[in-house]
Amino acid sequence: MSDDAIYIVGVGMTEFGRFDGEDPELAEQAIRASLADCNLTWADVQFAVGGTNGETKPDNMVARMGLTGIPFITVKNGCATGGVSLMTARNGMLAEGHDIACVVGYDNHARGAFAASPARYGIGPWYGASGMMVTTSYFALKIQRYLHEYAMDARTLGYVSEKAFDYASAHPLAWRRKPISVDEAMDADMINDPLTRFMFCSPDAGAVSLVLARGSRAFDLCDKPVRLAAVTLRGRRPGSFEVFSPWLSPGPRTSPSVDAAAAAFATAGIQPSDVQVAQVQDTESGAEVMHLGETGLVAHGAQEAGYRNGDYLVDGSLPINTDGGCIANGEPVGASGLRQVHEVARQLQGRALGKQVPSRPTIGFTHVYGAPGISACTVLTTEGA
Amino acid sequence: MTRLIEEALFASTDPVMLAGSVCARCSAHVFPEQTSCPMCTGVDVSRVALPTTGVVWSWTTQHFAPKAPYRTDEFAPFSIGYVDLGPVIVEGWLLGRTSWTIGEPVRLALTKAWTDDDGQIVYTYGFEAAS
Ligand SMILES: [Zn+2]
């Protein structure tokens with residue numbers, strides 16, 4: 001094994017949903033579960049990275065875990081926090097020569113749509129006062145245009161929700177586990193046309209932790225370590241369509257997701273068509289549809305047929321968001337990207353907690369995307385059985 | 001008594017025109033005005049009046065009242081859209097109805113946003129159907 005190869009050797013995750021305790025309690029549960037998963041203790045960890053969008057300080061986790069003197073970096077990059085945390089850990093291990101690192105992400109959000117402050121985004125107060133600083137309307141405006149450009153029916157969005165809750169119904173850590181039909185999703189209260197109440201994720205609580213090891217240690221610590229074959233981060237270029245934008249440029253559209261995914265596939269030396277199980281950011285149903293296209297996993301405009309055929313179900317050609325994704329798990333921002341990696345890692349190891357992809361996948365992919373226009377992707381691989 | 005929601009958004013009010021900025025290097029238009037060009041990293045930009053007619057580029061209707069800092073005298077569902085003005089696509093209210101079609105022509109208008117505590121009526125911009 002190359003010593004520059006980084007592997008996931010332990011994973012830990014709390015149940016997602018409402019949580020009444022303190023945020024660091026959640027994080028501690030996830031860290032201890034991930035360490036137990038590979039028979040290590042906090043004393044073995046040489047480097048840590050923690051992400052949250054809340055008020056607590058991840059680097060103060062050492063007060064609970066132990067004052068071992070290790071470097072602990074805090075990440076706060078919105079919805080992309082999990083991916084950025086993982087990249088930061090990988091880079092730190094390679095730069096500083098650490099063998100074992102821990103990456104934790106957690107959050108515990110209040111109910112309801114996120115209230116956003118125009119000033120934080122460099123926009124005048126008029127924008128919020130006139131009711132445009134609303135994340136749900138952004139998602140709606142974006143998917144409305146996308147469905148129009150690629151001539152897809154809004155019913156596609158109902159299929160996304162049905163799939164999400166179907167996967168979640170079998171997953172013991174998922175938050176919303178009640179199955180719903182396409183018709184129920186379509187007929188639910190309209191929030192922002194064309195998106196109904198059952199098509200959005202909601203803020204909630206959860207924590208995920210991963211233990212990483214270099215190649216020289218990984219196979220001693222884990223029967224089937226998952227290689228972090230690529231982890232990439234990209235920002236927006238002209239032509240992207242981001243939240244809280246009073247204007248857009250005319251002309252061809254792109255997205256940081258396009259660039260981050262392309263870089264991940266190039267780094268890993270694979271094609272999007274090689275991916276056998278994947279997670280893409282599904283802040284709402286439309287986001288999943290668009291991100292399947294932007295990452296290159298599915299051709300733009302082919303998504304509707306894919307949902308109707310069942311391609312993204314557990315026995316389909318490309319199972320997507322097999323733990324229910326953000327739609328069924330909510331989005332505790334710091335944890336969400338690591339939840340994706342947790343699920344894909346378990347799928348590749350053949351020990352999914354919910355529905356296991358039966359085709360023995362060895363190549364997985366994850367994608368997070370968030371404000372103000374950043375995306376992080378990973379390629380995860382195992383050696384064949 | 002009336003006032004504008006933000007004076008700097010407007011090049012004029014009679015006729016109503018929005019103000020953006022244009023980049024001397026790459027001709028990119030942005031809204032509202034800013035002192036640099038995010039498209040090419042240039043800083044040689046100047047204030048410009050934007051076209052007042054365009055077509056609906058995307059739309060949605062806001063079916064629930066947004067949280068603060070949103071202000072209104074009385075909430076009713078309202079439409080928001082992006083309007084393609086040619087050199088730039090601008091976000092704003094779509095006025096007068098709650099269902100729209102991508103591609104339909106619209107024109108800029110002033111519309112009441114809310115009433116201040118001192119009774120002053122606050123106006124913002126929106127786009128109304130042009131046909
Ligand atoms: Zn420029």
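Here is the naming used below: chain letters follow the sequence lines, and residue numbers restart at 1 for every chain. Being a predicted model, the structure only gives us computed values, none of them experimental.
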So how far is it from [X] [atom1] to [Y] [atom2], rounded to the nearest 0.5 Å?
{"X": "A:Arg237", "Y": "B:Met39", "atom1": "CZ", "atom2": "CE", "answer": "11.0 Å"}
{"X": "A:Ser130", "Y": "B:Trp93", "atom1": "OG", "atom2": "CH2", "answer": "6.0 Å"}
{"X": "A:Leu248", "Y": "B:Trp57", "atom1": "CG", "atom2": "CH2", "answer": "5.5 Å"}

With a 4.5 Å heavy-atom cut-off (strictly below), which parts of residues 75-85 of chain B touch chain A? List them by number. B:Phe78, B:Ile80, B:Gly81, B:Tyr82

Checking an interface table here. Which of residues 96-112 of chain B come within a heavy-atom distance under 4.5 Å of chain A? B:Ile102

Contact class of B:Leu4 relative to chain A, heavy atoms under 4.5 angstrom: neither

Taking the side chain as everything from C-beta on, heavy atoms only, tell me whether [X] gets closer than 4.5 Å to [Y].
{"X": "A:Asp189", "Y": "B:His63", "value": "no"}
{"X": "B:Pro87", "Y": "A:Pro250", "value": "no"}
{"X": "B:Trp59", "Y": "A:Asp193", "value": "yes"}
{"X": "B:Glu91", "Y": "A:Tyr127", "value": "yes"}
{"X": "A:Pro118", "Y": "B:Pro69", "value": "yes"}

For B:Asp73, does the CG atom have more than 12 heavy-atom neighbours from other residues, nucleotides or ligands under 6.0 Å away? yes

Pairs under 3.5 angstrom only: tabulate donor-acceptor contacts from the side chains of residues 19-29 of chain B to other protein residues two or more places apart or in another chain.
residue	atom	partner	partner atom	Å
B:Ser21	OG	B:Gln34	N	3.2
B:Ser21	OG	B:Gln34	O	3.3
B:Arg25	NH2	B:Cys40	O	2.7
B:Arg25	NH2	B:Thr41	OG1	3.4
B:His29	ND1	B:Ser27	O	3.0

In terms of the angle between their ring planes, are B:Phe31 and A:Trp126 parallel, tilted or perpendicular, with boundaries placed at 30° and 60°? perpendicular

Out of B:Thr124, B:Val30, B:Val88, B:Val90, which one racks up the most heavy-atom pairs below 4.5 Å with chain A? B:Val30

Side chain, backbone, both or neither: which part of A:Phe241 has a heavy atom under 4.5 Å from chain B? side chain

Answer with side chain, backbone, both or neither: which region of A:Tyr146 has an atom nearer than 4.5 Å to a non-hydrogen atom of chain B? neither

Among A:Gly124, A:Gly122, A:Ala129, which residue has the highest count of heavy-atom pairs closer than 4.5 Å to chain B? A:Ala129

Heaviest contributor of heavy-atom pairs below 4.5 Å to chain B, chosen from A:Gly131, A:Ala140, A:Gly239, A:Ser137, is A:Gly131

Of A:Glu149, A:Gln144, A:His148, the one forming a side-chain contact (heavy atoms from CB on, under 4.5 Å) with B:Ser58 is A:Gln144

How far apart are the C-alpha atoms of B:Phe64 and A:Asn192, what are their side-chain angles, what is the distance that settles it, and do they pass the side-chain contact (heavy atoms from CB on, under 4.5 Å) test? CA-CA 8 Å; B:Phe64 66 95; A:Asn192 280 98; 3.7 Å; yes

Scanning both residues in full, the closest heavy-atom pair of B:Pro66 with A:Val134 reads CB-CG2, 3.6 Å

I need the full list of salt bridge (charged side-chain N to carboxylate O under 4.0 Å, His left out) pairs touching residues 32-57 of chain B, with sequence neighbours left out, sorted by first then second residue. B:Glu33-B:Arg47

